[in-house]
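Worksheet: one structure, shown below.
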Amino acid sequence: MTAYLARERQVAIQAVEQASKLCQAVFNRLVTSSTLTKKDKSPVTIADFGAQAVVNAILAQHFPEDPIVGEEDSKDLQGDTGREMRTKVVDLVNSIGERTMGEEEVLGAIDRGQYAGGATGRHWTLDPIDGTKGFLRGEQYAVCLALIIDGQVRLGVLGCPNLEQTHQPGSDPNSRGVLMVAVDGQGAFQRALTGIKDETRIHASSLSDTTQATFCESVESGHTRHDDSGRIGELLGITRPPVRIDSQCKYAALARGQADVYLRLPTRADYEEKIWDHAAGNIIVREAGGRVGDVTGSPLDFSHGRTLARNRGVVAASAGIFDQVVAAVQRVLGGAEKEE
Ligand SMILES: Nc1ncnc2c1ncn2[C@@H]1O[C@H](COP(=O)(O)O)[C@@H](O)[C@H]1OP(=O)(O)O
Ligand SMILES: [Mg+2]
Ligand SMILES: [Mg+2]
Ligand SMILES: [Mg+2]
């Protein structure tokens with residue numbers, strides 16, 4: 001008997017591996033100290049489009065009926081104004097892929113990601129590069145792919161090209177490149193992104209004392225409220241400094257017990273989190289034994305289209321401290337008063 005979603009798991013891993021390879025190639029070729037000082041974002045934009053084309057083309061080949069909710073679309077690659085970027089993206093995709101794709105095919109693959117999402121049937125969700133700022137700094141970023149069935153995330157894969165490998169006993173701490181994968185009910189695993197791909201099961205920490213906790217949050221103060229997380233940390237008696245990491249690598253850190261809490265506190269009343277920013281990390285943390293919710297502790301609801309329209313912010317933590325963390329978040333954000 002084949003395991004639930006076995007083929008989907010295998011194809012999703014292949015797609016994320018290929019896209020991660022493309023991103024690393026772009027970083028090595030195009031990101032220089034001069035792109036950084038000039039704040040030139042073009043390398044990450046090219047990699048973003050290229051990675052979405054590669055993943056969507058592989059999904060289309062194996063699961064032609066499945067719609068995709070992808071972050072990017074081909075608008076900026078169209079017409080005369082898009083020509084230069086379009087040529088670079090097509091060349092890039094063809095330098096990595098196993099078969100040659102024409103211009104139309106590359107744009108068509110990117111635009112398979114236009115699906116509106118929703119509560120019924122199955123669809124994939126893709127963030128071709130999550131953590132674009134981390135990518136440009138040479139720090140953490142992730143290629144994130146998940147499968148949602150009837151509104152529930154059932155499969156997630158994270159490709160983390162700059163994440164330290166910790167899966168082999170005695171492995172070189174300088175070796176980077178980790179892939180994490182989880183299928184509903186089957187646990188969460190990590191493996192090397194390239195080379196020997198033996199899988200090792202991962203577990204969130206079993207912490208029950210919040211004073212011993214390490215928390216992680218975004219590097220960007222525009223994406224989360226650093227001042228409020230400091231107050232929440234004080235309430236929980238946390239003394240260790242927060243670990244700031246870009247992208248869904250925060251979920252990866254939690255899933256393998258390197259951090260115990262991930263806080264994403266809304267900076268603006270009108271910001272709706274995108275499903276591709278959380279779906280893969282969500283199932284990986286849950287299958288590793290952790291818990292994920294919004295600032296009220298309610299589970300994230302992936303059935304409302306392209307955004308998490310019914311949720312505000314994200315709180316993820318080891319199961320033993322999740323309720324205490326949510327209570328502290330509520331005290332600091334004022335939710336407790338509103339409920340009285
Ligand atoms: N105001 C915001 N609040 C929360 N997340 C945001 C906000 N603006 C952008 N993002 C998203 O945060 C993600 C990066 O998160 P992190 O800071 O944890 O690395 C990106 O996917 C980015 O979306 P986008 O890709 O549209 O720029
Ligand atoms: Mg993102
Ligand atoms: Mg992105
Ligand atoms: Mg983006």
Side-chain angles (χ1 to χ4, degrees), residues 12 15-16 18-20 22-24 26-27 31 39-56 59 68-77 85 89 92 109-115 117 124-146 148 153 156-163 180 216-224 244-254 262-268 271-285 292 300 302 305-309 311 313-314 316:
V16 168
Q18 286 288 104
S20 301
L22 176 146
C23 295
Q24 286 304 79
V26 172
F27 184 83
V31 181
K39 298 212 161 82
D40 173 10
K41 293 209 182 84
S42 63
V44 73
T45 309
I46 294 165
D48 238 335
F49 287 124
Q52 179 150 329
V54 164
V55 171
N56 285 4
L59 291 178
I68 304 166
V69 175
E71 182 182 0
E72 311 299 342
D73 65 62
S74 75
K75 205 166 69 253
D76 293 344
L77 301 177
M85 181 80 81
V89 171
L92 172 68
I110 292 169
D111 285 334
R112 287 183 72 90
Q114 297 290 71
Y115 187 60
W124 298 85
T125 188
L126 169 69
D127 192 337
I129 294 187
D130 185 40
T132 51
K133 293 189 170 143
F135 174 90
L136 287 170
R137 285 190 239 103
E139 295 172 8
Q140 297 306 331
Y141 71 97
V143 177
C144 316
L145 180 63
I148 296 172
V153 187
V157 179
L158 287 178
C160 309
N162 289 334
L163 199 64
M180 286 194 182
C216 63
E217 62 185 352
S218 176
V219 175
E220 301 296 326
S221 56
H223 296 173
T224 189
R244 292 192 172 144
I245 319 175
D246 296 284
S247 83
Q248 286 183 59
C249 289
K250 289 184 277 296
Y251 286 114
L254 199 67
Y262 165 20
L263 294 176
R264 193 173 192 84
L265 307 171
T267 53
R268 300 196 329 243
Y271 188 77
E272 293 181 357
E273 295 287 342
K274 311 295 189 293
I275 63 170
W276 54 81
D277 280 328
H278 300 284
N282 185 277
I283 188 162
I284 288 168
V285 166
V292 189
L300 301 184
F302 291 90
R306 293 173 65 91
T307 69
L308 296 170
N311 299 106
V314 176

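Please read all numbers here as calculations on a predicted model, not as lab measurements. As the structure lists them, so they are numbered: ligands from 1, and atoms in each ligand from 1.
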Among the N, O or S atoms of E71, which one sits nearest to the Mg ion (ligand 4)? OE2

Hey, which N, O or S atom on D127 ends up closest to the Mg ion (ligand 2)? OD2

Among the N, O or S atoms that D130 has, which is closest to the Mg ion (ligand 2)? OD1

Closest heavy-atom contact between P128 and E72? CG-CG, 3.8 Å

If I take every N, O or S atom of D277, is at least one of them less than 2.8 Å from the Mg ion (ligand 3)? no

Taking all non-hydrogen atoms of both residues, which atom of Y251 and which atom of V285 are closest, and how far apart? O-CG2, 3.4 Å

Metal check, the Mg ion (ligand 3) vs I129 N/O/S, cut-off below 2.8 Å: yes

With a cut-off of 2.8 Å, does E72 place any N/O/S atom under that distance from the Mg ion (ligand 3)? no

Evaluate the salt bridge (charged side-chain N to carboxylate O under 4.0 Å, His left out) criterion for residues E220 and K250: first the C-alpha distance (whole Å), next the side-chain angles of each, then the deciding distance (0.1 Å), finally the verdict. CA-CA 13 Å; E220 301 296 326; K250 289 184 277 296; over 6 Å; no

Dump the intermediate steps for salt bridge (charged side-chain N to carboxylate O under 4.0 Å, His left out) on R244 and E217, then the final yes or no. CA-CA 5 Å; R244 292 192 172 144; E217 62 185 352; 2.9 Å; yes

Nearest heavy-atom neighbours spanning I283 and G156: CG2-N, 3.5 Å

